[in-house]
Amino acid sequence: MAIKTDGSLWTWGLNINGVLGVNDRTYRSSPTQVPGTNWNTIRLGGSVTVATKTDGTLWSWGYNSYAELGQNNKTLYSSPTQIPGTTWSDEISSGDKGGGAIKTDGTLWMWGQNGGGQLGQNNTTAYSSPKQVGS
């Protein structure tokens, strides 16, 4: 995946679970533009993609059986879907079973599977939407 200087997002390769964000699961051997504009930062983790736009919005797509997209469900999304809020910074992460982001106020938020306590919540409960870590 790559973001051009004009803010357009381009993707290619194996498209397992819609991770390329082009509203299907078809393999792409050449760059294809992802819908939307003003993309700022992108992170790919396994079969999950998390990205920000220049307006401070946070987006995710791909596999979601562990609630790793932060969408408050376990639905697979093959195109960018906004995670609620508009004050997300460009400090984001994406992994096989979860994700995280920092808001512009410096707070840390995590979501996804939490079997090993990796979300920093002092428990092993899964969170399907962003949950603040600490205060």
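Predicted, not measured: the structure shown is a model, and the values here were computed from it. Positions are given from 1 along the sequence.
Side-chain atoms of Asn72 and Ser128 include a donor-acceptor pair closer than 3.5 Å. Neither side chain, Ser129 nor Gln71, offers a donor N or O lying under 3.5 Å from an acceptor on the other. A side-chain N or O of Tyr63 and one of Ser65 form a donor-acceptor pair less than 3.5 Å apart. With hydrogens and angles left out, the side-chain atoms of Thr57 and Trp59 include a donor and acceptor closer than 3.5 Å. Inspection of the Trp109 and Thr107 side chains reveals an N or O donor paired with an N or O acceptor under 3.5 Å.
Note on Trp61 and Trp12: separate hydrophobic clusters, where clusters join Ile, Leu, Val, Met, Phe, Trp and Tyr whose side-chain heavy atoms are under 4.5 Å apart, directly or indirectly. Under the 4.5 Å side-chain heavy-atom criterion for ILVMFWY residues, a single connected hydrophobic cluster contains both Leu58 and Met1. Grouping the Ile, Leu, Val, Met, Phe, Trp and Tyr side chains by contacts below 4.5 angstrom, directly or via other members, places Val50 apart from Met110. In this structure, Ile42 is a member of the same hydrophobic cluster as Val34, with clusters built from ILVMFWY side-chain heavy atoms closer than 4.5 Å. Placement of Tyr77 and Trp39 within a single hydrophobic cluster is found when ILVMFWY residues are connected by side-chain heavy-atom separations under 4.5 Å, directly or transitively.
Looking only at side-chain heavy atoms (C-beta outward), Asn40 and Ile3 stay at 4.5 Å or farther from each other. Proximity of Leu76 to Arg25: side-chain heavy atoms (C-beta onward) are separated by under 4.5 Å at one or more points. Ile83 places a side-chain heavy atom less than 4.5 Å from the side chain of Trp111. Using a 4.5 Å cut-off on side-chain heavy atoms (C-beta onward), Leu119 and Val133 make no contact. No side-chain heavy atom of Thr86 sits under 4.5 Å from any side-chain heavy atom of Asp55. Side-chain contact between Val19 and Val48 is absent, with no heavy-atom pair separated by less than 4.5 Å. Residues Arg28 and Thr11 fail the side-chain proximity criterion, which asks for heavy atoms closer than 4.5 Å.
The line from OG1 of Thr49 to CG of Leu20 is 7.5 Å long, rounded to the nearest 0.5 Å. With rounding to the nearest 0.5 Å, the separation of OH in Tyr27 from CG in Leu14 is 8.0 Å. To the nearest 0.5 Å, the span separating CD on Glu68 from OG on Ser47 amounts to 6.5 Å. Note that OG1 of Thr52 and CD1 of Ile92 are 5.0 Å apart. Values are rounded to the nearest 0.5 Å. Distance NZ/Lys4 to CD/Gln33: 8.0 Å, rounded to 0.5 Å. Taken from CG in Asn23 to OG1 in Thr32, the straight-line distance is 12.5 Å, to the nearest 0.5 Å.
Here the shortest heavy-atom pairing between Gly21 and Pro80 reads O-CD, 3.4 Å. Smallest separation of non-hydrogen atoms from Gly70 and Pro130: O-CD, 3.6 Å.
Under the 3.5 Å distance criterion, the side-chain polar atoms of Gln118 are matched with a main-chain donor or acceptor of Gly116. Side chain of Gln121 to backbone of Gln132: a donor-acceptor contact under 3.5 angstrom is found. Side-chain atoms of Asn114 never come within 3.5 Å of backbone atoms of Tyr127 as a donor-acceptor pair (strictly under, hydrogens ignored).
Here the options are Thr75, Asn17, Asn73, the test is side chain to side chain donor-acceptor pair (under 3.5 Å), and the partner is Asn64; only Asn73 passes.
Here Gln113 pairs with nothing under the side-chain hydrogen bond (donor to acceptor under 3.5 Å, both in side chains) rule; sequence neighbours left out.
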| request: Starting from the C-alpha separation in whole Å, work towards a yes-or-no answer on side chain to side chain donor-acceptor pair (under 3.5 Å) for Ser8 and Trp10. | output: CA-CA 7 Å; Ser8 61; Trp10 295 80; 2.8 Å; yes
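Residue Lys53 qualifies as enclosed at atom NZ: its count of foreign heavy atoms under 6.0 Å is above 12.
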